[in-house]
Amino acid sequence: QSALTQPASVSGSPGQSITISCTGTSSDVGAYDYVSWYQQHPGKAPKLMIYDVSNRPSGVSNRFSGSKSGSTASLTISGLQADDEADYYCISYTSSSTLMVFGGGTKLTVL
Amino acid sequence: QVQLVESGGGVVQSGRSLRLSCAASGFTFRNYGMHWVRQAPGKGLEWVAIIWHDGINRKYADSVKGRFTISKDNSKNTLYLEMSSLRAEDTAVYYCGRIGYDTNSHPIDYWGQGTLVTVSS
């Protein structure tokens, strides 16, 4: 099972919006609405930002939103803030022999 | 408050075994499924294994299937990862995580701080 495909890096200025894509296949992202997104700051444990494509856990800013089209899920961050600078990972349920598969991660730089 | 504390990491020779533990507190452990997720130095996250709340159903990543065993002792509020036939590519920080929502996304709402496993040749 190959990892989901994410861009290695994205960047944006404070106040702008950015979108991170997560491309899978008809066995994972394309087949199920079971995609989650995690934020990870250096040296820290990941933090859940979105689950089930677009559901936001309590306490997560509404500047974070998720969507999906076909086999590509997306995480959009609006009103970029300095603290949003981090690595972001998508993960999907998969029908393959392994149950879950992560994306390779995207480093977000706030300029 | 919910706490997950991993232990058992360290330096181990290639081919040997190691057992990681994840002590849970602040919630009713027997009601929750759990994950192990790892991160090699400077690399991305890799899903390792999942166990359902009852400790019966388990799934593994292909990279560890047949070598790693996930288990949970609901009487001790502890999650385990038994790792055998360790390889250099198993070197990573290992995180345990609680499944926070009842969905096939199995999302992790609480994470431990991680424990480093280094496999030396």
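No hydrogens, no waters, no symmetry mates; every other heavy atom, side chains included, goes into these values. Residue numbering restarts at 1 for every chain, and letters A, B, ... go by the order of the sequence lines.
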Part of [X] lying under 4.5 Å from any heavy atom of chain A:
{"X": "B:I50", "result": "side chain"}
{"X": "B:V93", "result": "neither"}
{"X": "B:Y101", "result": "side chain"}
{"X": "B:Y95", "result": "side chain"}
{"X": "B:K43", "result": "backbone"}

### Query
Taking all non-hydrogen atoms of both residues, which atom of B:I51 and which atom of B:K72 are closest, and how far apart?
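Scanning both residues, the minimum pair turns out to be CD1-N, 3.7 Å.
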Could you tell me the separation between the [atom1] atom of [X] and the [atom2] atom of [Y], rounded to the nearest 0.5 Å?
{"X": "A:Y38", "Y": "A:L75", "atom1": "OH", "atom2": "CG", "value": "13.0 Å"}
{"X": "B:L4", "Y": "B:Q113", "atom1": "CG", "atom2": "CD", "value": "9.0 Å"}
{"X": "A:S92", "Y": "B:N104", "atom1": "OG", "atom2": "CG", "value": "10.5 Å"}

### Query
Looking only at side chains, do A:T76 and A:T19 share a donor and an acceptor under 3.5 Å apart?
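Yes, because at least one side-chain N or O of A:T76 sits under 3.5 Å from a partner of the opposite role on A:T19.
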### Query
Any ion pair linking B:K65 and B:D62 (charged N to carboxylate O, less than 4.0 Å)?
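Between B:K65 and B:D62 there is a salt bridge, with a charged N closer than 4.0 Å to a carboxylate O.
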### Task
Considering only heavy atoms and a distance below 4.5 Å, find which of B:Q39, B:H35, B:E46 pairs most often with chain A.
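Top count of heavy-atom pairs under 4.5 Å with chain A: B:Q39.
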Which region of [X], side chain (C-beta onward) or backbone (N, CA, C, O), has a non-hydrogen atom less than 4.5 Å from a non-hydrogen atom of chain B, or is it both or neither?
{"X": "A:V35", "answer": "backbone"}
{"X": "A:D33", "answer": "backbone"}
{"X": "A:P42", "answer": "neither"}

## Note on the structure
Between A:Y93 and the options A:Y51, A:Y32, A:F102, the ring-ring contact (aromatic ring centres under 6.0 Å, His included) test singles out A:Y32
